[in-house]
Each structure stands twice: as structure tokens, then as C-alpha cells.
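One structure below.
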Amino acid sequence: MSKPSIPQGTRDLTPEVVRKRQYILNLLRHIFETCGFQPIETPSMENLNTLMGKYGEEGDRLIFKILNNGLNDASKHEKTRTALENVLQGKNDVNLTERALRYDLTIPFARYVVMHQHELIFPFRRYQMQPVWRADRPQKGRYREFWQCDCDIVGTNSLINEAELLYIYREAFYQLKIPNILVRVNSRKILSGIAEYCSAQDKLTDITIAIDKLDKVGKDGVIKELNERGLNDTQVGDIIRLINIETNHLDHLEKEFTAKNITIGIEGIRELRDTLAFHEELKNNSWNNSEIKIDFTLARGLSYYTGVIVEVNCIDPAVQMGSIGGGGRYDDLTGLFGLKNLSGVGVSFGIDRIYDVMEQLQLFPQDVSIGTKAIIINTGAANEIYALQVLKQLREQGIATELFPEALKFDKQMKYAFNRGIPYVIIIEDEERNQQNVRVKDFNSGKQSAMSIEALISTLL
RNA sequence: GAGGUAGUAGCUCAGUAGGUUAGAGCGUCAGUUUGUGGCACUGAAGGUCGUGGGUUCGAGACCCAUUUAUCUCCCCA
């Protein structure tokens, strides 16, 4: 028997890690619920054709596919061999793989909305917190199995939704106390406008991919990439000039668009402006850790976005991490599954990256990983019976308590309690049992005192 | 999918130019002492040196493959 192992890019989570993750999840859940979102869950696997073609060429490659069962059935061999040939050619074939692991939460949600359209009440607001899987090569902040928390609103075009989602981002990171949060916003329509401005509508994807790299490769790098992607010098010049407009000068870009009568670009600017105006009304004046910045170079890879797009980073110098959240509006995601004219907008939180950032900056509360509040030392015989009665009473009060299950030596039990991080030790020996009270040791102060069970309860509550 | 770095006890690592029974600290376990944890002391367990080949009289060290981790590109949360 070889050493046990787990698949590449997956992890076991210790009790401490799970507690910390739950801290994040509970906090987000509370915000989502407060904003009127309802929870749903979807299966870990989807039909492969539900997912294929939704995430771009690169995305398709990263979908974990599941091999069909029963391929050894002799009557299927002919089909299976043909299917394998197709797969070797780079095509998918349902006779070999017809299911795949969930790649994100947005496409399954679109599928969900279409399947449940007659029972949903629109506008429908849902949140979803589940793992997703990507066959990417693991590296820092990149796992093959990780959790996303999404909240989406479908069935309404109102930009109030965009403003609310920006509120949710900033409120969540405020409550999590993560510093230096930068929320960048842009509009796909502005990007379309830029493409139209230089008569390169067919090169929209190439343009967005190239300018998205501005902060990474610099202006010259972007120019080079635009050239490589087939744009001429005039077009490249226009693009560079437009995206270099100071980010808060929507007016300036609007003039450029108006001069050439680029309707879609003008609309993108108006939407961004309205979104921020609504957001201004919603914003919490206590926020001191985040800011919103308009960034014309923000592109976002997923091909289905059509309107306002957003991405969140922690730009604290002490952390180096890709985006910890992203989202945007998609006008026709359900159209892919046959339900036309249903617009949606949503954002995603990358739980594992948020966790990594918080761990690195030591932002988890000290007591987040403490479970048991008190432990009763077991001294055996009649004391054990009395200890069980005390245990029961404490648990009835909702105090997380355990009784050491064996009457081991005193120092063993003390050591166990200390190493577990349990803050209170309850000592019950003959004297305590006879007087129907307890002795309590507080590890923080190192002091101990005798008290009644009622006093014990009020101490621990 | 392409490339760089790494893999020695549970953890962090040492192991000189390949040479006899592979080491340390921490942790674990047993015990001593402190009225019951943290401190100190005594002792013990624990490694087929990621895996599989190869070179060599001899390999933890060299070569190849593979796997895992980590980083860059790509792309993303």
C-alpha cells in the first residue's frame, strides 16, 4: 500500500481552517440575507454541454470532465471508439464524457433560472456558496477546488442592482476588516465603444485582452500586443489615448464618443455614472478601507458580460494576490438556454483567496478557532457521575462543554485542555461533589475558584 | 498547455568532493519535579532519504522518467 494522497490542487482542511472559513462564509451569508437574497444550491456536476462554450476557449480547456460509466459495455464499444477519436481531435463527445464538474456558479445559475422560470418570482435575488473546480495548474492563490460565493439579481435592468452589489462588496470587506480594497469598475459598452471608435468592432476581444494587461506590461507592452493582434498604428494610437484618459474624467471620454457618435460608448458612460450615483446614496460613511475606481482597462475574461463589470483586489503591499472578487452584468445569459430578454447582474467572492489574504494579514479574530468553552476534568467513580450532571446543565444553557472521557492523571487532562485552547477547566473532586459545586480554573488568568453551578453558568455565558 | 525551483522523521531543516549503523531542534509518547497546563530534567519511539528506473564496487547525494509542492507565462477567484 503506497502512501495515501489527494488529487493535485485539492486540500484537507483542519478544524482551525474550517472555523476561519466559516467565519467568512457566515459574515457573507448575513450580508446577503440582509440584502434580501435567497440561498440556492446546484449540483456539483452539470451536463457538459451546459458548460462548454460559456467561458471562452481557455475556459473550456479548464473544465474538469467526467468519464462516462459503463464504457466496458460491449454493445457500446463501437460508439466509444468513435467518441475517443473525436476527443483525440479535441472535440467533445457525449459517448465518452457527458458530465463535468461545475466551473463557476454563474452558468449553473443561468441554467437554474431557465429550468425554474415558472416558479421564480422576478426580479429573483439569489446567493450561492459552493465549491467549483478548474483544471488549472495550481500555484499561489490558485487551487483546483475552491469556493465561490455569488450573489446575483436577474430579471431587471435597473442600475440600482449594480449599485447594491458594489455596496455588498464594500460592506463585506469592511466587516472582514481587510485593508486597501480597490474596487475597479468599467463597462463592456465602453470597451465596445473604444473598438467602434477605431473601427475594430471585430477585434473587441483582442483589444480587451491586450489593454487588460496595462498595469502588468505597461503601455509599450500593450501597444506591442495590440500590433500583434492585428491593429494598425492609427487604431492603436486611438486606443491608447482613450484608455489613458484620467479615470475620473468620464466627461472627457464622453466628448470623444459624442464627436464620433459612438452610441454604445455614450450609453456605457451613462450607466457607469448612474451606478455610481445610486451607490453614493447607499454607501456607508464608516468605510475607510475601500475605494471605487473607474478603470477603462478593466476587461474581465468571461465572455458573457455585456454591461458594467467589476473586479476587487487587495492592494496591500504585504499581499500579492490576484483578484478576490469579480462580476458584472450579462444581458443574455439565459438566452443561451432558451430564455430570451432576461438580464442579470452578479458578483462573486473568491473565498479561498480572501482566506489567504486574511491569514497573511492576520485578520482573523483571536477566538474564531476556539470551539469548546469549558472542559470538566474527570476524576472517576462517583465524581464522574456528578460531572455528567454538570455537563448536561451547561450544555442545556448552550455552553460548549466537554467532559474528559477517562479518569487519566490530572496533568494529562490539564495538558489536553491547554493544548486544545479551551479557556476554562472545571475541576470536580470529592469535595466539590459533596458540596454540589465546582472549582473553575481560568487559563487566561491562571486563577481558580470554587463556585455554585449557577455561578459557573453565568461565568461561562 | 509551456518553462524554472524543490521533495531527507509529525513539523522546520542539516547532511561537506558519492564511501561503513542518516542527524539536530521542535513536536509525540513514558517518567521525574512544580498542589493541577505553560518551565526544567531523564528516557523512548519515529525515516526502505517522494516514487520508479539507471550509472557505480558503493547513491540521500550523479543521470532519466514520474509524482507532489512552489513560482513565471497563459488565464483566472
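Values below: every heavy atom of this structure, side chains too, minus hydrogens, waters and symmetry copies.
Distances were taken from every side-chain heavy atom of A:Gln8 (C-beta onward) to each of B:C71, B:A77, B:U68; the shortest belongs to B:U68. Ranking B:G37, B:C71, B:A77 by closeness to the A:Arg353 side chain, first place goes to B:A77. Closest approach to the A:Pro138 side chain among B:A2, B:U70, B:C73 is made by B:U70 (side chain taken as heavy atoms from C-beta onward). Of the candidates B:C73, B:G1, B:A77, B:A77 carries the atom nearest the A:Tyr143 side chain, counting heavy atoms from C-beta on. Side chain of A:Arg229, nearest nucleotide from B:U36, B:C75, B:C73: B:C75. Of the candidate nucleotides B:C75, B:U36, B:A2, B:C75 has the atom nearest to the side chain of A:Lys213. Set against B:U36, B:C75, B:A69, the side chain of A:Glu58 has B:C75 as its closest nucleotide. When distances are taken from the side chain of A:Lys140 to each of B:U70, B:G38, B:G3, the shortest belongs to B:U70. When each of B:U36, B:C75, B:G38 is scored by its nearest atom to the side-chain atoms of A:Phe418, the top-ranked nucleotide is B:G38. Checking B:G1, B:C71, B:A77 against every side-chain atom of A:Arg61, the shortest atom distance belongs to B:G1.
Judged by atom type and distance alone, A:Lys441 reaches the base of B:G37 through a side-chain donor-acceptor pair under 3.5 Å. For B:U36, the base has a donor-acceptor partner in the side chain of A:Gln448 [N/O atoms by modelled type, under 3.5 angstrom]. Side-chain N/O atoms of A:Arg142 and base N/O atoms of B:C75 include a donor-acceptor pair closer than 3.5 Å.
By the criterion of a centre-to-centre distance under 5.5 Å and near-parallel planes under 30°, the ring of A:Phe146 forms a stack with the base of B:A77.
Counting non-hydrogen atoms under 4.0 angstrom, A:Phe443 reaches a base of the nucleic acid. Residue A:Gly446 is classed as a base contact, given a heavy-atom separation below 4.0 Å to a base. Using a 4.0 Å heavy-atom cutoff across all strands shown, A:Asp136 reaches at least one base atom of the nucleic acid. Counting any heavy atom pair closer than 4.0 Å across all strands shown, A:Gln148 reaches sugar-phosphate atoms only and no base atom. At the heavy-atom level, A:Arg420 lies nowhere under 4.0 Å from the strands shown.
OP1 or OP2 of B:U32 has at least one side-chain nitrogen or oxygen of A:Lys409 nearer than 4.0 Å. Between A:Gln413 and B:U36 there is no side-chain N or O to OP1 or OP2 distance below 4.0 Å. In terms of phosphate contacts, A:Arg300 brings a side-chain nitrogen or oxygen within less than 4.0 Å of OP1 or OP2 of B:A77. In terms of phosphate contacts, A:Lys412 brings no side-chain nitrogen or oxygen within less than 4.0 Å of OP1 or OP2 of B:U36.
Below 30°, between 30° and 60°, or above 60°: for A:Tyr127 and A:Phe32 the angle between ring planes is between 30° and 60°, a tilted geometry.
Salt-bridge check for A:Glu33 with A:Arg29: failed, with every basic side-chain N at 4.0 Å or more from each acidic carboxylate O. In this structure, A:Asp352 pairs ionically with A:Arg21, as a charged nitrogen and a carboxylate oxygen lie closer than 4.0 Å.
Here the P atom of nucleotide B:C76 and the CG atom of A:Asp356 are 20 Å apart, to the nearest Å.
Between A:Phe349 and A:Tyr169, the gap from one ring centroid to the other is short of 6.0 Å. Checked against a 6.0 Å centroid threshold, the rings of A:Phe410 and A:Phe404 do not count as neighbours.
Base pairing of B:A6: its partner is B:U68, meeting the Watson-Crick or G-U wobble criterion (both donor-acceptor distances under 3.5 Å).
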